[in-house]
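Some notes on the structure that comes next.
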Amino acid sequence: MVSKHFMGALVTASLCGSSPTQAQTSEDTFSRLRDVFALIRDNYVEPLNMAALAGAAIDTIRGKAELDDESWSRCVGKSSSPGPNEVAKAMRCAGFDQAGPEADTVVDAAIEAMVAKLDTHSRWVTFTAPAKLLGQPAAWASAGLILRDRDRRYVVLATGSTSAAGRAGIRKGDELIAIDGTVTAELSFDDVVQKLRGPDGSMVTLTIRRLDGSIAEFPLHRTIVRQSDMELQTERRGSVLIIRLSGLSFGATQGVSSALSQNGDVSALILDLQDNQGGLLGETVALADLFLDEGPIVTSKGREKRDVETYRAAKKQLAQGIPILVLVNERTAAGAEILAAALQDNRRATVFGRTTQGAGSVQTIIPVGPQRALRLTTSYEYRADGRKLSEAPVIPDCPSNLDASTLLDRLAVISTTAPGSCLAPD
């Protein structure tokens, strides 16, 4: 099965190209590399110079080889347009022609070098244990943190109110600097996520740098966490309902729908999408549909002319007649941008804050064996008004450089008096 990933999003998709397989024998040592090469060639959103990708793989293998330059050149030879066969030859010249952990490591490094030349969102992902990648409802035993990666500085975006981290007092803006004594600056984001997870009830010690610069340790028991529960927070201020969404994972639409139903009559809705990096494409579309009666939401355009799909509002909105104020910033991306853009372009909401990131591409998750996957950019997203999101991020109707908390306080006041107007100057 193949899945499409919209900056964290997963929906089913079908791709052309080779079916991924795993290396099993010495003759099949390079099959994984050949499969990935074919998948990139046939499915990347734009045509590529595949020779440049093969060259990056060969350069990586050269760095692992214990040969002098003359011996290497004599063995590998020269090609003006290298491909997977030349990469396989480089593996043999470097002495990695037998199946095993060492050859696996070198093949993974070569693939990573190829994928790194594509874009900032495509990735080669490896796991220490078989992983479920294909969009099942996310629930696991963890400390209960949602993190943002700032060049390997892992900052807390949210904690579930009932999670171990939330109960311990870890808050938005705190920085995770170590897990069980392992410094997080030395870990990839995927490694951090894996180290935070474990058996239900097991212990994990988090070292946190607080907003005031102090360092604190938190010994926690992991508990079962559902991601959508952590991503959604609601607050009622008088007749104004505030919904904060830090992600758009499975269940987000149901959570927002329930919040609207449970809060009865409200005079205005504030939808806080600050720092929201996106999520499931299906949830993005369904959420927009909650607030729209009709009109386009987003269009995906792939490599081929036939690879075009437009999503439209299809049912009567739940918040009929309720003014909506959307709050965004420069870290609002992908699915969250699509949601904000759809409400803005269909004139359903007034957008406040700072210009969004403009991260309008879709990644497809392609499993390659039980412990590896290729995350590949396969299409671009276009706003409801037809503009390409990466070239036309959401520019607020009411720009503001106020900090998030102050701006939210201002919005809570203005939403009860003049929800369609902008704030007073900063």
Side-chain angles (χ1 to χ4, degrees), residues 6-7 9 231-232 234 240-248 252-257 259-260 263 266-300 310-360 381-389 392-400 407-408 411-412 414-415 418-423:
F6 184 62
M7 291 297 289
E231 292 174 346
L232 174 65
T234 62
V240 178
L241 177 62
I242 301 170
I243 296 179
R244 298 183 184 87
L245 278 172
S246 58
L248 297 171
T253 305
Q254 182 58 50
V256 171
S257 178
L260 289 168
N263 277 275
V266 297
S267 63
L269 170 65
I270 297 175
L271 189 58
D272 186 354
L273 300 178
Q274 294 180 109
D275 297 323
N276 187 321
Q277 292 283 296
L280 292 171
L281 179 57
E283 293 291 339
T284 300
V285 172
L287 267 171
D289 202 7
L290 286 183
F291 304 116
L292 296 171
D293 287 323
E294 59 182 4
I297 294 171
V298 62
T299 297
S300 295
T310 297
Y311 300 87
R312 304 182 66 88
K315 62 184 180 182
K316 187 174 181 179
Q317 61 172 299
L318 289 184
Q320 189 75 46
I322 300 174
I324 301 175
L325 294 75
V326 176
L327 184 55
V328 298
N329 64 9
E330 66 278 5
R331 290 181 293 277
T332 302
E337 289 181 280
I338 288 297
L339 176 57
L343 298 181
Q344 184 183 56
D345 292 348
N346 286 285
R347 300 186 178 182
R348 183 59 186 91
T350 304
V351 180
F352 294 79
R354 296 188 291 278
T355 301
T356 61
Q357 193 174 112
E381 296 304 297
Y382 290 76
R383 296 175 55 147
D385 65 4
R387 292 179 293 166
K388 191 175 182 180
L389 182 60
V394 178
I395 299 175
D397 304 299
C398 303
S400 176
L407 182 56
L408 188 59
L411 260 62
I414 201 172
S415 62
S421 64
C422 292
L423 303 174

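Computed from a predicted structure; not experimentally measured.
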How about [X] and [Y]: do any of their side-chain heavy atoms sit closer than 4.5 Å?
X: Val351; Y: Cys398; result: no
X: Val256; Y: Phe291; result: yes
X: Ile322; Y: Ser267; result: no
X: Asp275; Y: Ser246; result: no
X: Pro296; Y: Asn346; result: yes
X: Pro396; Y: Phe352; result: no
X: Glu337; Y: Pro393; result: yes

For [X] against [Y], the heavy-atom pair lying closest together:
X: Leu273; Y: Ala336; value: CD1-O, 3.6 Å
X: Asp345; Y: Ala384; value: OD2-N, 3.5 Å
X: Asp293; Y: Ala313; value: C-CB, 4.1 Å
X: Leu389; Y: Gly360; value: CD2-CA, 3.6 Å
X: Gly335; Y: Leu248; value: C-CD1, 3.5 Å
X: Tyr311; Y: Ser300; value: CE1-OG, 4.2 Å

To the nearest 0.5 Å, how far apart are [atom1] in [X] and [atom2] in [Y]?
X: Leu245; Y: Leu327; atom1: CG; atom2: CG; result: 12.0 Å
X: Leu292; Y: Leu318; atom1: CG; atom2: CG; result: 11.5 Å
X: Leu411; Y: Ile242; atom1: CG; atom2: CD1; result: 8.5 Å
X: Leu290; Y: Leu260; atom1: CG; atom2: CG; result: 7.0 Å
X: Glu330; Y: Gln357; atom1: CD; atom2: CD; result: 9.0 Å
X: Thr253; Y: Glu283; atom1: OG1; atom2: CD; result: 3.5 Å

Could you work out, with side-chain hydrogen bond (donor to acceptor under 3.5 Å, both in side chains) as the rule, every residue matching Gln344, not counting sequence neighbours?
Arg383, Asp397

With a 3.5 Å cut-off and no angle check, do the side chains of Arg348 and Gln317 form a donor-acceptor pair?
yes

Answer with yes or no whether the side chains of Thr332 and Thr356 bring together a donor and an acceptor at under 3.5 Å.
no

Evaluate side-chain contact (heavy atoms from CB on, under 4.5 Å) for Val394 paired with Thr355, printing each intermediate quantity in order.
CA-CA 6 Å; Val394 178; Thr355 301; over 6 Å; no

Only one of Leu343, Leu339, Leu271 passes side chain to side chain contact (heavy atoms under 4.5 Å, CB included) with Leu287; say which it is.
Leu339

Do any N or O atoms from the side chain of Asn329 and from the backbone of Gln274 form a donor-acceptor pair under 3.5 angstrom?
no

Mark yes or no for whether Asp289, through its side chain, and Val285, through its backbone, hold a donor-acceptor pair below 3.5 Å.
no

Do Leu269 and Leu325 pass the side-chain contact (heavy atoms from CB on, under 4.5 Å) test, and can you show the C-alpha distance, the side-chain angles, and the key distance before you say yes or no?
CA-CA 6 Å; Leu269 170 65; Leu325 294 75; over 6 Å; no

